[in-house]
Amino acid sequence: MNDPMTPSPFRVERVRKELSDTFTLDLVPADGKRDFPFLPGQFNMLYAFGVGEVPISISGDPSKPDTIVHTTRVVGAVTRAMRNLGVGHTIGVRGPYGTAWPVEEMQGADVVIVTGGIGLAPLRPAIYSILENRSAFGNVSILYGARTPEDILYRKELEKWRGMFDMQVDVTVDYATGRWAGKVGVVTKLIQRGGFHPQDSIALICGPEIMMKFAVQALQDRGVTDDRIYVSMERNMKCGIGFCGHCQLGGDFVCRDGPVFRFDTLADKFAISEL
Amino acid sequence: MTANKSEALGTFVIAPSELGSLISALREDGYEVIGPKLADGAIVHEPLESADDLPVGYDDEQEGGTYRVAKNGANTYFDYVVGPHSWKRYLFPPDQQLCQMRRQGKTFRLIETKQEIPRYAFFGVRSCDLHAMQVQDKVFDNGEFADPGYMERRKAAFVVVVNCLRPAATCFCASMDTGPRATGGYDLALTELASKGRHEFLVEVGSSRGEEIFAKVSGRPATEADQSAPETASAKAANAMKREMVPDVQALLKRNLEHRRWDDVAKRCLTCANCTLVCPTCFCTTVEDYTDLTGSTAERRRRWDSCFTMDFSYVHGGSVRRETYARYRQWMTHKLSSWFDQFDVSGCVGCGRCITWCPVGIDITEEARAIRDSEGSR
Ligand SMILES: Cc1cc2nc3c(=O)[nH]c(=O)nc-3n(C[C@H](O)[C@H](O)[C@H](O)COP(=O)(O)OP(=O)(O)OC[C@H]3O[C@@H](n4cnc5c(N)ncnc54)[C@H](O)[C@@H]3O)c2cc1C
Ligand code: SF4
Ligand code: SF4
Ligand code: FES
């Protein structure tokens, strides 16, 4: 029996600096077997030698499962150790784990993606999947908030998507710096003004919990019902497979029952503080 | 894991001296026999070499925050009930190596380590603790993922049950439907028959493995009167139980996640984590990383953890459950309510350990009753 707690060695093939504190790693299995199918929204447990293991979403293109892509923000010991990896280094991988964004169910509907900061990374695979089959979806809007213009993740891609005639990309920052001539304010404001049809929309949200709370409210105010809102939750995770107990949210294990939840299944728990 | 029904394979009566033969038979078959021993004033589970290691003539006295073992002058073997140890420390060790890696330049690879699977014979398992094992079986094989180490240890383990004749004041298995008598899931079950000068053991054989071992023990087939003894004794024990869990506690707690009692218990709870450590079903762990001095080999170890620690729910920016009320609520609602959502069974088997070993005597049955009696007060 294989122990699901044992990481597999992967090789770092490429490192990209995204922002001052954020980087992207492209990984391939060290044994040369190049295939790692996953669903948009799923995550891996990434292990840095001798330091620790943390959950990081997969942020690459699901139609290219030969490489796994992770975009990580440095916040502590493990993510710092991961930033110090270069091409040719080994990293431990377990996964993919967790639930996915409802890409299939979204076909025919308008899609509203609401996200902030690093939260765009777990949503990028869903955006790639939509683009691959663009005509299957209605209007698509991406509403993205960053702290400052320097913190806008995947800026080139956002600009490219905005340049497409069939995609609405709205970016706002908390603090304008330099030559920023775009919007200033919280991302929830973009929901109030967003040009989508609430009744026909499915919304995907990923960001800090407090931001998700306000985003859900703003969507509800516009008439999007809870069963058409999806959120990706973050909890401490030591295993990713239901063994360690750390990720519990009431009766749910965020690692297995989430991280992506349809909001109506979570609404009661979301309302209770420190659950 | 063993078959679920007992009767089919026979019921016998043995003399107390045959307990030694049973332990020898298990040892000769290669089992490491683990059973009750008296150590530092408590009944603990440790390796047994012979029946001489068993504590004879002891009672335990348990109450909220109190535990005392005392000689009772009798010649009986199993008058005490559960102590601070549960069997989980053998099936799910408190500190366990997960894997080892060796670094070579930029790369590292796994070091193959083959861990021996111990063959334990658990001697003197009480019904509540047997149910606790069945609860953990569901945790460590959740349908999608299984912990191979746990599964193999569990599969190899031989279980000798002892039916309880006298509950401690902290026991409430009867109201949890987990005791005091074991009705299946064991290899052998013993009931001590000691009254009016009689001293014998009734043995119920629960598996073919149990049958093979028992073949090396001398006894006689049980009479019909003998066979009714466990039921009579356990009904008596159930009647003597002082504590009980309120009915429908699963739904009760779900309706009262916000209730003023959580603040009340938070004033008493020290968040010491004792309850989670003594609980036979608590399964939470953390993983710790180590490197040797040169930094060329690394190790990952899994250790018992507790939802009562601040770090448990830490995410960048701060812990989710900062306040004591939230941590006690996590523990109690998990045991009695959300466990059903996760595993379709109660996470509490009514063993009473968390009551006994709580330094301030917080009583899970009392907390549940207090919430029921003041439902809806926030
Ligand atoms: C499902 C999921 C997907 C995620 N995807 C991404 C991603 O794509 N990119 C990214 O940058 N970050 C992501 N995170 C957050 C990331 O896991 C944390 O930033 C990371 O664990 C911090 O580890 P650290 O040791 O560097 O930080 P420290 O602050 O030193 O953390 C100490 C320990 O606490 C735990 N921890 C701390 N913060 C978090 C957190 N936010 N979530 C879970 N555990 C935490 C970890 O066990 C960590 O080792 C994700 C989290 C989850 C739950
Ligand atoms: S919660 Fe308390 S009474 Fe219930 S199984 Fe755990 S330790 Fe025993
Ligand atoms: S009560 Fe706490 S320590 Fe015990 S299993 Fe539940 S979350 Fe883990
Ligand atoms: S991360 Fe361990 S149970 Fe979910």
Side-chain angles (χ1 to χ4, degrees), chain A residues 1-9 11-12 30 45 47-54 73 75-79 81 85-92 97 208-210 234-253 255-257 268-269 271-275, chain B residues 98-99 101 103-110 139-140 142-149 151-152 254 257-258 282-292 295 297-300 302 305 307 311-317 319-323 325-327 329-330 333-334 337-342:
Chain A
M1 207 189 283
N2 260 347
D3 193 329
M5 287 298 284
T6 307
S8 305
R11 190 186 121 88
V12 176
M45 295 297 290
Y47 166 71
F49 183 85
V51 185
E53 190 185 50
V54 293
R73 188 162 81 96
V75 298
V78 179
T79 47
L85 299 177
V87 172
H89 277 103
T90 306
I91 187 170
Y97 298 135
E209 207 157 312
I210 183 77
E234 205 173 55
R235 281 293 178 273
N236 187 300
M237 292 187 180
K238 293 293 175 198
C239 75
I241 54 180
F243 289 169
C244 79
H246 280 255
C247 68
Q248 289 176 79
L249 176 59
D252 289 322
F253 289 113
C255 66
R256 292 191 63 212
D257 303 309
D268 293 348
K269 296 169 200 154
I272 293 171
S273 59
E274 298 204 17
L275 193 66
Chain B
L98 286 177
C99 53
M101 273 84 41
R103 169 142 61 190
Q104 295 155 304
K106 291 176 168 184
T107 67
F108 68 78
R109 59 180 178 75
L110 286 156
V139 173
F140 293 117
N142 60 32
E144 197 180 350
F145 302 101
D147 176 344
M151 302 293 287
E152 287 173 43
K254 219 164 239 172
L257 289 170
E258 287 172 318
C282 270
F283 59 83
C284 287
T285 50
T286 188
V287 180
E288 288 173 359
D289 292 275
Y290 301 89
T291 45
D292 66 355
T297 57
E299 192 189 3
R300 310 210 77 218
R302 182 168 85 174
D305 201 358
C307 57
D311 281 354
F312 188 83
S313 63
Y314 179 81
V315 290
H316 179 65
S319 295
V320 174
R321 298 181 206 102
R322 290 173 217 233
E323 302 291 334
Y325 87 85
R327 287 183 254 159
R329 179 178 64 189
Q330 166 60 26
T333 56
H334 190 209
S337 185
S338 45
W339 208 290
F340 284 97
D341 303 332
Q342 296 167 347

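Computed from heavy atoms alone, side chains included, the values below leave out hydrogens, waters and symmetry copies. Residue numbers start from 1 in every chain, and the chains themselves are labelled A, B, ... in the order their sequence lines are given, proteins ahead of strands.
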Over all atoms of both residues, closest heavy-atom pair of [X] and [Y]:
X: T107(B); Y: G88(A); value: CG2-O, 3.7 Å
X: P148(B); Y: D3(A); value: CG-CA, 3.7 Å
X: F253(A); Y: F283(B); value: CZ-CZ, 4.1 Å

Could you grab the distance from atom [atom1] of [X] to atom [atom2] of [Y], nearest 0.5 Å is fine?
X: F145(B); Y: N2(A); atom1: CZ; atom2: CG; answer: 12.0 Å
X: M101(B); Y: Y47(A); atom1: CE; atom2: OH; answer: 3.0 Å
X: D147(B); Y: I241(A); atom1: CG; atom2: CD1; answer: 8.0 Å
X: D305(B); Y: H246(A); atom1: CG; atom2: NE2; answer: 4.0 Å

Which bit of [X] comes within less than 4.5 Å of chain B, counting heavy atoms only: side chain, backbone, both or neither?
X: L275(A); result: both
X: E209(A); result: neither
X: R256(A); result: side chain
X: P7(A); result: both
X: V78(A); result: neither
X: V51(A); result: backbone

Under a 4.5 Å heavy-atom cut-off, does chain A meet the side chain of [X], its backbone, both or neither?
X: S313(B); answer: backbone
X: F340(B); answer: neither
X: R329(B); answer: side chain
X: D311(B); answer: backbone
X: R322(B); answer: both
X: S319(B); answer: neither

Applying side chain to side chain contact (heavy atoms under 4.5 Å, CB included), can you list everything that pairs with D252(A), at least two apart in sequence or on another chain? D257(A), F261(A), L266(A), K269(A)
Looking at residues at least two apart in the chain, or sitting in another chain, which of them share a side chain to side chain contact (heavy atoms under 4.5 Å, CB included) with T291(B)? F49(A), A298(B)
Taking C-beta and beyond as the side chain, do [X] and [Y] meet within less than 4.5 Å on heavy atoms?
X: C307(B); Y: Q248(A); result: no
X: M5(A); Y: V287(B); result: yes
X: T285(B); Y: C244(A); result: yes

When you measure from the side chain of [X] to the backbone of [Y], do you find a donor-acceptor pair of N or O atoms at a distance under 3.5 Å?
X: N236(A); Y: V320(B); value: no
X: K106(B); Y: V87(A); value: yes
X: E274(A); Y: E323(B); value: yes

Do you know which of V139(B), T297(B), T286(B) has the most heavy-atom pairs with chain A at a distance under 4.5 angstrom? T286(B)
Which one, E234(A), M237(A), E53(A), leads in non-hydrogen pairs under 4.5 Å with chain B? E53(A)
